[in-house]
Amino acid sequence: MPDERCSELIYRIYNTVNAPDTWQEVLADVATDLGASHFFIAARASVDAQPFAFIEHGFSRGHFDQYHQHYYKVDVWTKALAQHEPNQFRSSHEVYDDRAFLNSEIYHDFARPADIRHGLGCLLVSGDSFDPPMMTELALMRGGDQKHFDESEKRRAQHYVSHFEQALQLGRQMQQLTAQQRAFAGLFAAQTQPALICDYHLRVYEHNHALDGLAQNGVLLGIGCERKLTFVDERNQSQLEACTAGFRMATFNSAESFSVVAGGVGYRVKVSPWLYTGVHLPGQQQGALLVQIQPLRTATQLSPGLIMCWTALSAAEAEVVAHLCEGTGLAQIAELRKVSLGTVRQQLKSAMHKVGCHSQAQLIARILTLSV
């Protein structure tokens with residue numbers, strides 16, 4: 001059963017996942033607890049491969065650097081340790097002949113200059129799916145003025161093994177997640193389609209450059225001082241809030257969308273569930289929403305002929321709707337078509353009935369949606 005000192009160090013080992021800069025302090029204190037003067041952790045693909053991650057305590061600056069790859073090729077302790085069951089601490093004299101070690105290249109060139117004579121090592125070999133595969137060495141060492149690491153020190157060191165293994169795996173997962181987040185942030189910012197990530201109360205965590213331009217235009221939406229997403233038209237805001245309520249209450253579990261019109265331009269607003277981890281939520285994931293705003297076809301891309309293909313409207317009704325999608329008012333449409341305002345209103349009313357809409361905005365949104 002770990003004592004209070006051991007339990008405190010185990011807690012600090014796990015704390016390195018969120019505070020990796022504390023690893024050297026943790027190694028120093030674990031080394032002291034186990035009567036070691038030196039301690040290193042090396043993660044590599046095989047026993048003779050150079051580490052892709054390395055943390056050390058007790059060595060002079062640059063001590064490892066001067067040996068580079070050669071050290072890992074002549075490291076007799078580690079090669080001997082690899083012949084034994086993994087995840088178990090073993091004393092150096094148990095795995096390799098002590099006299100042979102004193103005559104070895106690594107002792108004369110590496111260990112003796114650092115006053116290292118005895119070692120206690122463990123190879124962590126986990127069944128994770130990391131690429132590249134990871135084998136991690138925990139190596140404690142001390143000088144010739146002390147004895148070999150004994151059984152009680154080995155048992156105490158063994159208390160830390162599973163915790164080192166889990167903390168190192170979690171730390172590597174965190175690094176990969178951070179790299180993915182950075183890659184996503186770059187892609188997200190570069191998207192040409194306006195998009196943002198917000199919570200269920202529409203407080204914006206992140207948004208891209210395309211949405212910046214849309215918000216600055218001020219016709220469709222804005223982001224307030226409390227970073228809350230707000231549509232200019234209250235009806236659009238109500239539609240958005242209905243979507244967020246559905247996700248919050250787990251009524252929706254896939255993307256929802258609705259159409260809006262602003263400044264004569266139609267947009268499809270798509271709301272999707274999202275897991276967000278970022279600077280606002282360090283080390284955590286929280287349910288969030290991805291809001292994407294897709295501009296639909298404008299009237300310059302529409303024609304009465306296309307509208308007639310999509311609907312059962314007459315040529316006159318389709319012409320009125322095409323003008324409406326461009327943002328033209330009813331009086332101006334009447335003037336352009338050289339008919340009375342009453343005729344235009346009647347044609348609009350008929351078009352709305354045929355398409356199944358109850359307002360001009362709904363009709364325009366429906367037509368623009370059909371054009372996607």
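Keep in mind that what you see is a predicted model, and the values were worked out from it rather than measured.
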So, using ring pair (Phe, Tyr, Trp, His ring centres under 6.0 Å) as the criterion, who are the partners of [X] when residues are at least two apart?
{"X": "Phe101", "value": "Trp77, Tyr107"}
{"X": "His57", "value": "none"}
{"X": "Tyr200", "value": "none"}
{"X": "His353", "value": "none"}

Below 4.5 Å, heavy atoms only, C-beta onward: do [X] and [Y] meet side chain to side chain?
{"X": "Leu9", "Y": "Val26", "value": "no"}
{"X": "Met174", "Y": "Asn18", "value": "yes"}
{"X": "His38", "Y": "Phe59", "value": "yes"}
{"X": "Leu27", "Y": "Ile55", "value": "yes"}

- Query: Which heavy-atom pair separates Trp23 from Phe164 by the least distance, and what is that distance?
  - Reply: CZ3-CE2, 3.5 Å
- Any side-chain donor near an acceptor of the partner, Glu241 and Gln237, under 3.5 Å: yes
- Item | Distance-only side-chain donor-acceptor flag, Gln347 / Arg337, under 3.5 Å | yes
Taking only residues at least two apart or on different chains, which pairs with a member in [range] satisfy salt bridge (charged side-chain N to carboxylate O under 4.0 Å, His left out)?
{"range": "residues 8-24", "result": "Arg5-Glu8, Arg12-Asp29"}
{"range": "residues 342-351", "result": "none"}
{"range": "residues 91-103", "result": "Glu94-Lys154, Asp98-Arg117"}

- Take Glu85 and Arg90 through the side chain to side chain contact (heavy atoms under 4.5 Å, CB included) test and state the conclusion after the steps. CA-CA 10 Å; Glu85 184 181 351; Arg90 299 181 189 280; 3.7 Å; yes
- Query: Charged N to carboxylate O under 4.0 angstrom, Arg155 versus Asp150?
  - Reply: no
Show the atom names and distances, to 0.1 Å, of all donor-acceptor pairs under 3.5 Å that link a side chain in residues 135-146 to residues at least two apart or in another chain.
from: Glu137; atom 1: OE1; to: Arg44; atom 2: NH2; distance (Å): 2.3
from: Glu137; atom 1: OE1; to: Thr78; atom 2: OG1; distance (Å): 3.0
from: Glu137; atom 1: OE2; to: Thr78; atom 2: OG1; distance (Å): 2.7
from: Arg142; atom 1: NE; to: Lys147; atom 2: O; distance (Å): 3.0
from: Arg142; atom 1: NH1; to: Gly35; atom 2: O; distance (Å): 3.1
from: Arg142; atom 1: NH1; to: Glu153; atom 2: OE2; distance (Å): 3.0
from: Arg142; atom 1: NH2; to: Lys147; atom 2: O; distance (Å): 3.0
from: Arg142; atom 1: NH2; to: His148; atom 2: O; distance (Å): 3.0
from: Arg142; atom 1: NH2; to: Glu153; atom 2: OE1; distance (Å): 3.1

Which residues pass the side chain to side chain donor-acceptor pair (under 3.5 Å) test with [X], sequence neighbours left out?
{"X": "Ser340", "answer": "Thr343"}
{"X": "Tyr96", "answer": "none"}
{"X": "Asn217", "answer": "none"}

Got a donor-acceptor contact below 3.5 angstrom from the [X] side chain to the [Y] backbone?
{"X": "Thr311", "Y": "Ile307", "answer": "yes"}
{"X": "Gln24", "Y": "Glu56", "answer": "yes"}
{"X": "Ser350", "Y": "Gln346", "answer": "no"}
{"X": "Asp233", "Y": "Leu220", "answer": "no"}
{"X": "Ser91", "Y": "His93", "answer": "no"}
{"X": "Asp199", "Y": "Ala288", "answer": "no"}
{"X": "Ser92", "Y": "Gly119", "answer": "yes"}
{"X": "Arg366", "Y": "Val355", "answer": "yes"}

- Query: Passes side chain to side chain contact (heavy atoms under 4.5 Å, CB included), Leu330 versus Leu348? Steps please.
  - Reply: CA-CA 9 Å; Leu330 294 183; Leu348 173 60; 3.8 Å; yes
- Query: Is the NE2 atom of His209 crowded by more than 12 outside heavy atoms at less than 6.0 Å?
  - Reply: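 Result for NE2/His209: open.
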- Item | Any residue meeting salt bridge (charged side-chain N to carboxylate O under 4.0 Å, His left out) with Lys354, in chain and number order, not counting sequence neighbours | Glu317
- Task: Treating Ile, Leu, Val, Met, Phe, Trp and Tyr as nodes and any side-chain heavy-atom pair under 4.5 angstrom as an edge, say whether Val125 and Leu81 lie in one connected cluster.
- Result: yes
- Note on the structure: Separation between CG (Leu124) and CG (Asn87), nearest 0.5 Å, reads 5.5 Å
